[in-house]
Amino acid sequence: DVQLQAFGGGLVQAGGSLRLTCVVSGFPFDSYDVGWFRQVPGKEREGVSCLIRSSGIAFYSDSVMDRFTISSDTAKNNTVYLQMNSLKPEDTAVYYCAADSSASTKTGLAPIGFYDYWGQGTLVTVSS
């Protein structure tokens with residue numbers, strides 16, 4: 001079975017950094033893309049970043065551009081990171097990683113419907 005495990009959330013002060021990790025297992029093939037989403041209670045889940053693993057091309061939402069970086073671990077092919085710097089209180093949310101098993105063509109952040117596998121969330125809390 002395909003499984004995604006996200007971890008690395010926590011409590012951090014504004015201006016600080018956290019690195020989230022998403023470990024993917026169970027895919028029969030290596031061709032899948034990974035995205036990070038976040039959700040605040042009462043609001044829709046929003047895309048934060050996505051990585052086209054075959055090319056290394058990444059996309060970001062305007063709200064995290066130049067502060068967050070998505071990357072894959074070259075040694076651990078099934079691991080994707082989200083490095084979050086200069087965190088702001090408005091970044092507080094539950095963060096989810098997701099996989100698009102069809103590695104569909106993307107020209108920007110892909111909407112939720114592109115992703116068919118989801119990990120459990122990890123809570124990020126940024127204090128002011």
Side-chain angles (χ1 to χ4, degrees):
D1 292 348
V2 174
Q3 291 187 339
L4 283 77
Q5 185 179 14
F7 55 91
L11 173 64
V12 64
Q13 288 188 331
S17 298
L18 280 175
R19 187 177 77 166
L20 304 184
T21 300
C22 179
V23 178
V24 183
S25 62
F27 265 108
F29 304 103
D30 195 35
S31 58
Y32 58 88
D33 295 333
V34 174
W36 284 97
F37 291 76
R38 65 187 181 186
Q39 189 169 24
V40 174
K43 294 190 176 181
E44 293 185 354
R45 193 170 296 188
E46 65 168 346
V48 173
S49 181
C50 69
L51 178 66
I52 302 175
R53 292 173 66 251
S54 60
S55 65
I57 294 175
F59 297 102
Y60 301 92
S61 66
D62 289 343
S63 61
V64 307
M65 184 76 71
D66 298 325
R67 298 189 298 121
F68 290 12
T69 302
I70 190 170
S71 63
S72 60
D73 191 316
T74 54
K76 304 174 185 176
N77 196 40
N78 64 339
T79 301
V80 174
Y81 303 108
L82 184 68
Q83 178 67 42
M84 306 186 297
N85 299 328
S86 302
L87 282 161
K88 304 175 181 180
E90 51 263 43
D91 294 318
T92 295
V94 177
Y95 284 72
Y96 299 88
C97 64
D100 168 13
S101 63
S102 64
S104 50
T105 300
K106 301 176 181 65
T107 58
L109 276 182
I112 287 178
F114 273 52
Y115 297 91
D116 43 359
Y117 296 97
W118 292 82
Q120 86 293 356
T122 184
L123 176 63
V124 172
T125 303
V126 184
S127 64
S128 58

>> To the nearest 0.5 Å, what is the distance between CG on Leu109 and CZ on Phe37?
In response: 7.5 Å

>> Set out, in order, the CA-CA distance, both residues' side-chain angles and the distance that settles ring pair (Phe, Tyr, Trp, His ring centres under 6.0 Å) for Tyr117 and Phe27, then state yes or no.
In response: CA-CA 10 Å; Tyr117 296 97; Phe27 265 108; 5.5 Å; yes

> Out of curiosity, Lys88 NZ to Ser128 OG, how far, rounded to the nearest 0.5 Å?
Replying inline: 14.0 Å

> If you take all heavy atoms of Tyr60 and Phe68, which pair is closest and at what distance?
Replying inline: CE2-O, 3.2 Å

>> Could you tell me if the side chain of Leu51 sits less than 4.5 Å from the side chain of Tyr81, heavy atoms only?
In response: no

> Below 4.5 Å, heavy atoms only, C-beta onward: do Cys97 and Val80 meet side chain to side chain?
Replying inline: no

> Any idea which heavy atoms bring Gln83 and Asn85 closest together, and the distance?
Replying inline: NE2-OD1, 2.9 Å

> In the single-linkage hydrophobic clustering (I, L, V, M, F, W, Y; side-chain heavy atoms under 4.5 Å), do Val24 and Tyr95 co-cluster?
Replying inline: yes

>> Tell me whether Trp36 shares a hydrophobic cluster with Tyr32, the cluster being built from Ile, Leu, Val, Met, Phe, Trp, Tyr side chains joined at under 4.5 Å.
In response: yes

>> For the backbone of Val23 and the side chain of Thr79, can you confirm whether one donor and one acceptor N or O come within less than 3.5 Å of each other?
In response: no

> Would a 4.5 Å heavy-atom cut-off, applied to side chains only, mark Met84 and Val124 as touching?
Replying inline: yes

> Is Phe59 close to Ile70 at the side-chain level, that is, under 4.5 Å between some pair of heavy atoms?
Replying inline: no

>> Which residues pass the salt bridge (Lys or Arg N to Asp or Glu O under 4.0 Å) test with Glu46, not counting sequence neighbours?
In response: Arg38

> What about Phe114 and Val48, same hydrophobic cluster or not, with Ile/Leu/Val/Met/Phe/Trp/Tyr joined at side-chain heavy-atom distances under 4.5 Å?
Replying inline: no

> Which heavy-atom pair separates Leu18 from Leu87 by the least distance, and what is that distance?
Replying inline: N-CD1, 3.8 Å

>> For residues 101-113, which residue pairs pass the side chain to side chain donor-acceptor pair (under 3.5 Å) check, not counting sequence neighbours?
In response: Asp33-Lys106, Asp100-Ser102, Asp100-Ser104, Asp100-Lys106, Ser101-Asp116

> Where does the angle between the aromatic ring planes of Tyr96 and Trp118 fall among parallel (under 30°), tilted (30 to 60°) and perpendicular (over 60°)?
Replying inline: perpendicular

> If two hydrophobic side chains count as joined below 4.5 Å and joins carry through other members, does Val34 share a cluster with Val64?
Replying inline: yes

> Roughly how far apart are Ser31 OG and Ile52 CD1, rounded to 0.5 Å?
Replying inline: 13.0 Å

>> Quick check on the hydrophobic clustering: are Ile112 and Val94 connected, directly or via other members, by side-chain heavy-atom contacts under 4.5 Å?
In response: yes

> For the residue pair Ala14 and Pro89, what are the closest heavy atoms and their distance?
Replying inline: CB-CD, 4.1 Å

> How far apart are the closest heavy atoms of Cys50 and Tyr115, and which atoms are they?
Replying inline: CB-OH, 3.3 Å

>> Does Gln3 have more than 12 heavy atoms from other residues, nucleotides or ligands lying within 6.0 Å of its CD?
In response: no

> How close do Ala93 and Val40 get, heavy atom to heavy atom, and via which atoms?
Replying inline: CB-CG2, 3.8 Å

